[in-house]
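These figures come from a predicted structure and were not determined experimentally.
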Amino acid sequence: MLQTRDLIWTLLFIGCAASIQVQITPTQGEISVGESKFFLCEVVGDATDIDWYAPSGEKIVSSQDVFVSRTDESTSTLTIYHATVDSSGNYKCVAKSADKEAQATVQVKIFQKISFKNAPSLQEFNEGDNADIVCDVVSSPPATIFWKHKGAKIHVAKDVRFKIMENAHLQIRGIKKTDEGMYTCEARVMARGEIDFRAIKVVINVLPTIRIRQAEVNATADIGTSAMLACDADGFPEPTVTWARNNVVLETDEKYSLNEDGSELLIKDVTKVDEGDYTCMAKNKAGEKEEEVSLNVFVTPRITYLNNQTASELQEHVTLTCEASGEPTPAITWSFGPRVFTEREQSLDGNVVVRSDARVSSLTLKYVQFSDAGQYLCTARNPIGQDSKNMYLEVRYSPKIQGPVTVYTWEGNSANISCEVLAHPGASVVWFRDGQQLPSANTTNIKIYSTPTASYLEITPESQNDFGSYNCTATNVIGSESKEFLMIQAEVPSAPTVEGVAPFSSTAMVNFEEPDSNGGVSVLRYKVDWRQPGQDWSSREFEVETGTNQIILTGLKPETAYEVKMAAVNGKGDGESSPSTPFTTKPIRYTFTTPPETSTPSIPPPTTLPLREPSAPKLEAKVQKKGNALKVNWVKQDDGGTPIKHYLVRYKPKHVSDWRPEIRVPHGSDHVLLQALDWNTEYEVYVVAENQQGKSKPAVVSFRTAMQPTAIPEVGGSGLGTGAIVGILMVVFLLLLVGVDVTCYFLNKCGLLMCIAVNFCGKTGPGAKGKDIEEGKAAFTKDESKEPIVEVRTEEANPPTQDGGAPTEPSETTPLTEAEPTSPDTTSPVVNSLPTAASNSTPGASERNTAAAVESAKSAAEASLPASAGSKDSGPAPAGATSSSTPDVGPLVDLSEGASLTVAPPKAATAASEPDAKAAEPKESTGSPSTASTAQADIKVAIDDKANANDAITKEANATETKEVKEVDAVPNSTTEVKTVPNEAPVANGNESKA
């Protein structure tokens with residue numbers, strides 16, 4: 001078989017090698033005039049030469065227009081450069097190998113692509129003209145022309161202004177500016193699906209229009225200023241603008257200046273002579289337009305006199321004067337900071353008076369004060385413009401001392417007394433106490449710091465004598481001023497007042513009033529003490545929060561009595577505590593109840609507490625044994641008045657900004673397990689409780705996972721890792737398999753080695769009847785109508801073998817299911833026997849053979865059972881079994897396909913027989929539990945040529961396939977099997993009785 005297959009493959013290989021196939025890619029080609037293209041000739045098989053031939057039949061030699069290149073042994077490339085009409089035709093690729101030749105052809109067509117000979121991309125027309133848009137196209141065959149405007153196809157029937165001429169030009173009658181834009185001249189050759197287009201930009205020229213920015217321009221003369229005349233011209237293309245006066249075109253020179261587009265005319269150093277009309281002219285391809293602008297020359301206001309002044313405080317009066325020029329006459333106003341003074345206006349106190357005469361205005365201050373010093377603004381306005389200037393009024397005044405009079409501190413705490421001085425000119429500051437200038441030689445706890453506007457006296461009280469009055473004296477050339485400052489001993493604050501306590505299950509809200517006295521310095525914190533009656537006080541300090549007079553106590557036990565008191569803390573120390581106020585926390589399940597009227601008098605009147613968010617739960621984190629897993633437990637706190645809906649858990653490594661996906665935990669849970677965390681990483685976990693009112697503040701816990709283990713710890717000092725242990729186990733397992741297989745080969749002639757020896761080495765399989773089988777082969781060949789041999793075997797749990805007592809390997813005759821115990825007087829039928837291949841046997845012969853086999857089996861069983869089968873050493877008998885040592889063998893039936901099985905068991909065995917009838921599929925045999933301790937006989941009854949007839953032996957010798965049936969409990973604690981040997985295959989290797 002192997003030689004035939006190799007011969008076929010060799011012939012196929014030689015046949016393929018002898019043939020040559022040629023293929024050209026692409027199989028056909030169309031080339032436009034002037035384009036280039038290549039064709040690839042691929043040869044299947046060994047080819048010595050690959051040549052290309054032109055349409056004329058001549059072999060192609062590489063030139064400038066046609067080039068042939070051999071890519072490798074099996075491919076050649078033909079390239080046509082810049083194709084012409086003469087390049088069309090059939091090209092042939094020929095491959096040769098000795099006396100073999102193959103060829104392929106490709107047809108090359110040359111055509112004229114669409115080309116636009118005369119289609120200018122820019123075409124201009126004047127608005128209102130009849131426009132003829134030109135587009136001349138050349139192609140073969142002639143192309144069909146379509147026109148589009150802004151991407152949309154032009155339908156001549158919808159707009160009578162559009163017309164496609166015979167020469168394919170597009171005509172637009174009375175073209176408008178709205179017709180401007182991109183037009184597309186599209187050419188199509190339907191025969192080959194070719195399409196091309198040209199985009200044509202149509203420009204519409206429009207007559208200029210002029211917009212005058214200001215018809216009359218007011219200019220200021222004689223002050224060196226300029227006047228700007230401007231007109232804006234519109235049109236397309238953009239018009240050119242020029243200016244003229246008295247029909248004389250103005251150009252840029254020392255007097256006039258024009259900008260780049262000519263729209264602005266600048267008249268320099270305007271004088272009264274420049275007043276008059278000026279003409280703006282705009283011109284482009286479409287035409288020309290003119291407009292006039294008038295120039296009126298005026299004189300803008302200008303402040304000509306304004307000087308700074310100096311005055312002394314309490315001087316009788318001071319007058320500020322401002323003079324201005326302009327045409328028309330300007331109006332003059334004064335302003336001082338946000339205050340504005342106009343002509344003939346007087347302040348409410350009568351101290352400021354404004355008077356104006358012609359072009360002069362004066363501001364008079366009747367009584368000068370130090371607050372009048374500063375900058376005054378004079379503004380002159382007329383219809384043309386305005387002018388403004390500043391002047392400064394300097395007021396000299398004696399020192400003015402400011403700052404808080406009293407300062408509170410305590411011994412050992414430094415405090416500053418601020419002496420802020422306003423004076424002009426600047427003043428010198430001296431500090432005194434009891435007539436003695438500070439600091440003195442006897443004082444070491446006093447320091448002085450000075451700035452241009454203030455002096456600071458720093459005192460660190462050492463005793464009660466350092467408290468008292470301190471004097472600040474400021475002096476300048478105008479005068480001096482003194483002021484007494486007091487340093488007072490600060491006290492601790494008085495006790496705050498606890499107005500009421502609103503208890504919850506594990507928290508309580510304390511409402512309080514601030515202390516009546518802060519002791520002279522600000523209250524920094526509030527100290528809260530609480531306890532259960534008779535126990536020690538718990539204490540906590542709360543920072544002062546502006547506008548908040550509430551403190552929340554947490555960590556309380558539900559339904560527990562407490563008392564609370566408060567004290568205020570300032571820099572001096574802790575103040576007195578308020579009287580203790582008792583309260584009782586609520587149950588865990590919050591309910592709204594009003595305290596009874598008999599409650600403790602110190603508790604405020606009963607109120608209904610508002611619903612709110614729950615309090616944050618208490619957290620406890622525990623790293624699991626894995627090292628990278630964490631269990632977070634929490635204890636429920638105040639639920640805020642409504643039940644907790646769920647808990648929200650978030651966690652992340654501290655060095656990462658993004659949180660892991662949020663975990664929602666049901667309200668009844670009290671923990672969450674976080675797994676697969678990073679090793680040796682610090683995590684933070686947020687747990688939030690949520691009720692109907694919202695979410696609590698997050699409870700936070702931080703932890704660090706363990707270091708990642710590098711190896712499995714040693715067990716019992718072995719020092720072996722997991723991989724080594726697994727490897728050793730696999731080697732031991734393989735050695736066991738090899739040992740079992742070798743043992744089976746030598747003892748039972750079976751196993752993998754036996755299979756290899758039989759199938760590959762030609763070794764004959766074992767069998768006690770090898771010679772008889774060979775003799776029976778001929779007899780069976782002559783008479784194929786013989787019935788199959790029925791073999792009944794009864795085995796112990798551990799039967800000895802012929803070779804030395806080793807356990808017998810499962811074979812084709814091994815029972816596939818475990819036998820069920822039966823009653824002594826019950827016959828166990830063979831159920832669902834597998835059909836044999838002897839479908840042509842007769843029912844009579846089958847019944848005779850079956851009866852003979854049954855009788856032989858009974859006789860052998862009775863003779864082989866040991867006398868001690870029923871002794872006390874044997875295993876326990878099944879329920880209902882008798883002490884008789886003779887096994888009951890069920891009746892055997894015909895196992896051929898033609899025979900039918902009809903067994904009428906006694907009533908006692910009916911229930912046991914029905915389940916057996918369903919066991920149609922073979923199962924692996926397992927021993928009965930009682931067979932291990934019971935000594936039973938291994939009985940094998942075989943019908944051979946010496947016992948009965950040669951025809952039965954012949955059928956057993958030619959069997960190549962065995963069918964198994966369900967074992968029968970013929971003897972208590974033993975198994976009975978039935979084997980049928982079909983007569984299909986004519987070949988036997990002597991190994992039929994083994995698996």
**Student:** Between the side chain of Q214 and the main-chain N/O of E216, is any donor-acceptor distance below 3.5 Å?
**Tutor:**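 Confirmed, Q214 side chain pairs with E216 backbone.
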**Student:** If you define the side chain from C-beta out and look only at heavy atoms, does anything of V22 sit under 4.5 Å from C41?
**Tutor:**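 V22 reaches C41 side chain to side chain.
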**Student:** Do L320 and Q309 have side chains that approach each other closer than 4.5 Å (heavy atoms only, starting at C-beta)?
**Tutor:**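 When only atoms from C-beta onward are counted, Q309 and L320 do touch, with a gap below 4.5 Å.
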**Student:** Can you find a heavy atom in the side chain of V360 that is under 4.5 Å from one in the side chain of T321?
**Tutor:**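 Yes, at least one pair of side-chain atoms sits under 4.5 Å.
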**Student:** So, W334 and S361: side-chain donor and acceptor under 3.5 Å apart, yes or no?
**Tutor:**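 Short answer, yes.
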**Student:** Find out whether F38 and F67 are in side-chain contact, i.e. whether some heavy atom of one side chain is under 4.5 Å from a heavy atom of the other.
**Tutor:**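 Of all side-chain heavy-atom pairs linking F67 with F38, none is under 4.5 Å.
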**Student:** How are the rings of Y256 and Y278 set relative to one another: parallel (under 30°), tilted (30 to 60°) or perpendicular (over 60°)?
**Tutor:**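 Ring orientation, 0 to 90° scale: perpendicular.
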**Student:** Does a side chain donor of either T184 or W147 reach within less than 3.5 Å of an acceptor in the other side chain?
**Tutor:**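 T184 vs W147: no donor-acceptor pair found between side chains.
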**Student:** I would like to know whether S76 and W52 meet side chain to side chain donor-acceptor pair (under 3.5 Å); could you show each step before the answer?
**Tutor:** CA-CA 9 Å; S76 178; W52 285 90; 3.2 Å; yes
**Student:** Counting distance only, does the side-chain N/O of T75 pair as donor-acceptor with the main-chain N or O of E42 below 3.5 Å?
**Tutor:**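 Side chain of T75 to backbone of E42: no pair is present.
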**Student:** Mark yes or no for whether K272, through its side chain, and V297, through its backbone, hold a donor-acceptor pair below 3.5 Å.
**Tutor:**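 Present.
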**Student:** Would you compute the distance between atom OG of S263 and atom CG of D232 and round it to the nearest 0.5 angstrom?
**Tutor:**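 Result: 5.5 Å between the selected atoms.
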**Student:** Just checking, is any N or O donor in the side chain of Y392 or N390 under 3.5 Å from an acceptor N or O on the other one?
**Tutor:**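 On atom types as modelled, these side chains do not qualify, holding no pair under 3.5 Å.
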**Student:** Are any side-chain N or O atoms of K389 and backbone N or O atoms of Y305, one a donor and one an acceptor, separated by less than 3.5 Å?
**Tutor:**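 No.
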**Student:** Does a side-chain N-to-carboxylate-O contact under 4.0 Å join R213 and E264?
**Tutor:**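 Looking at R213 and E264, the cut-off is met.
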**Student:** From the options T333, L363, I332, select the one residue that forms a side-chain contact (heavy atoms from CB on, under 4.5 Å) with V354.
**Tutor:**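 So the option named by the test is L363.
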**Student:** Taking atom CD1 of I114 and atom CZ of R192, what is their separation to the nearest 0.5 Å?
**Tutor:**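 It comes to 6.5 Å.
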**Student:** For the residue pair P237 and K285, establish whether any side-chain heavy-atom pair is separated by less than 4.5 Å.
**Tutor:**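 P237 reaches K285 side chain to side chain.
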**Student:** Report the C-alpha distance between E180 and V203 in whole Å, list the side-chain angles of each, state the deciding distance to 0.1 Å, and finish with yes or no for side chain to side chain contact (heavy atoms under 4.5 Å, CB included).
**Tutor:** CA-CA 6 Å; E180 189 176 58; V203 178; 3.4 Å; yes
**Student:** Within this structure, what is the CG-NZ distance for the pair L207 and K289, rounded to the nearest 0.5 Å?
**Tutor:**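 The CG atom of L207 sits 7.0 Å away from the NZ atom of K289.
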**Student:** Quick one about H169 and D136 (side-chain donor to acceptor, distance below 3.5 Å, no hydrogens or angles considered), yes or no?
**Tutor:**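 Yes, a side-chain donor-acceptor pair sits under 3.5 Å.
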**Student:** Under a 4.0 Å threshold between the charged nitrogen and the carboxylate oxygen, would K148 count as salt-bridged to E186?
**Tutor:**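 Salt bridge: yes.
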**Student:** Please report the closest heavy-atom contact between T27 and V106, naming both atoms and the distance.
**Tutor:**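 Nearest heavy atoms, T27 then V106: O-CG2, 3.2 Å.
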**Student:** Is the Lys NZ or Arg CZ of K92 less than 6.0 Å from the centre of Y53's six-membered ring, within 45° of the axis?
**Tutor:**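 Yes, a cation-pi geometry.
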**Student:** Has N284 got a side-chain atom pairing as donor or acceptor with E238's backbone, closer than 3.5 angstrom?
**Tutor:**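 Judged by distance alone, no pair lies under 3.5 Å.
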**Student:** Is there a donor-acceptor pair under 3.5 Å between the side chain of S325 and the backbone N or O of P301?
**Tutor:**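 No, the answer is negative, given that no donor and acceptor are paired below the 3.5 Å cut-off.
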**Student:** Compare every heavy atom of F111 with every heavy atom of E194, then report the nearest pair and how far apart it is.
**Tutor:**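 That closest heavy-atom pairing would be OE1-CE1, 3.9 Å.
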**Student:** So that I can tick it off, tell me whether D234 and R211 are bridged by a salt bridge, with the cut-off set at under 4.0 angstrom between side-chain N and carboxylate O.
**Tutor:**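 A salt bridge links R211 with D234.
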**Student:** Counting C-beta onward and ignoring hydrogens, is there a side-chain heavy-atom pair between K268 and S257 closer than 4.5 Å?
**Tutor:**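 Side-chain contact under 4.5 Å: yes.
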**Student:** I need the minimum non-hydrogen distance between L266 and S226, along with the two atoms involved.
**Tutor:**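 Smallest interatomic distance, heavy atoms only, reads CD1-CB, 3.4 Å.
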**Student:** Is there a donor-acceptor pair closer than 3.5 Å between any side-chain N or O of D129 and the backbone N or O of A131?
**Tutor:**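 Answer holds: no.
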**Student:** Do L265 and L250 pass the side chain to side chain contact (heavy atoms under 4.5 Å, CB included) test, and can you show the C-alpha distance, the side-chain angles, and the key distance before you say yes or no?
**Tutor:** CA-CA 9 Å; L265 173 64; L250 304 179; 3.8 Å; yes
**Student:** Test side chain to side chain contact (heavy atoms under 4.5 Å, CB included) on L306 and Y376 and set out the steps.
**Tutor:** CA-CA 10 Å; L306 184 66; Y376 289 79; over 6 Å; no
**Student:** As an exercise, state the distance from OG1 of T84 to CD of E35, rounded to the nearest 0.5 Å.
**Tutor:**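 The distance works out to 13.0 Å.
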**Student:** Just by distance, no angles: are the side chains of D261 and N259 close enough, under 3.5 Å, to form a donor-acceptor pair?
**Tutor:**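 Side chains of D261 and N259: pair found under 3.5 Å.
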**Student:** Can you confirm whether the side chains of N90 and T105 place a donor and an acceptor under 3.5 Å from each other?
**Tutor:**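 Absent: no donor and acceptor within the cut-off.
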**Student:** Identify whether NZ of Lys or CZ of Arg in K177 sits under 6.0 Å from the centre of the six-membered ring of F236 and within 45° of that ring's axis.
**Tutor:**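 Output yes; distance and angle both within limits.
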**Student:** What verdict does the side chain to side chain contact (heavy atoms under 4.5 Å, CB included) test give for N126 and I204, after you've listed the backbone C-alpha separation in whole Å, the side-chain angles of each residue and the deciding distance to 0.1 Å?
**Tutor:** CA-CA 5 Å; N126 289 336; I204 310 301; over 6 Å; no
**Student:** At what distance, to the nearest 0.5 angstrom, does CZ of R359 lie from CZ of R302?
**Tutor:**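 These two atoms lie 11.5 Å from each other.
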**Student:** Could you tell me whether the side chain of N205 reaches within less than 4.5 Å of the side chain of E124, counting heavy atoms only?
**Tutor:**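 Of all side-chain heavy-atom pairs linking N205 with E124, at least one is under 4.5 Å.
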**Student:** For the residue pair H155 and F162, establish whether any side-chain heavy-atom pair is separated by less than 4.5 Å.
**Tutor:**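 When only atoms from C-beta onward are counted, F162 and H155 do not touch, as no gap falls below 4.5 Å.
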**Student:** How long is the span from the CD atom in E291 to the SG atom in C280, to the nearest 0.5 Å?
**Tutor:**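 The distance works out to 8.0 Å.
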**Student:** Run the salt-bridge test on R161 and D179 with the 4.0 Å N-O cut-off and return the result as yes or no.
**Tutor:**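 Yes.
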**Student:** Determine yes or no for a side-chain-to-main-chain donor-acceptor pair under 3.5 angstrom, with D274 supplying the side chain and T271 the backbone.
**Tutor:**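 Confirmed, D274 side chain pairs with T271 backbone.
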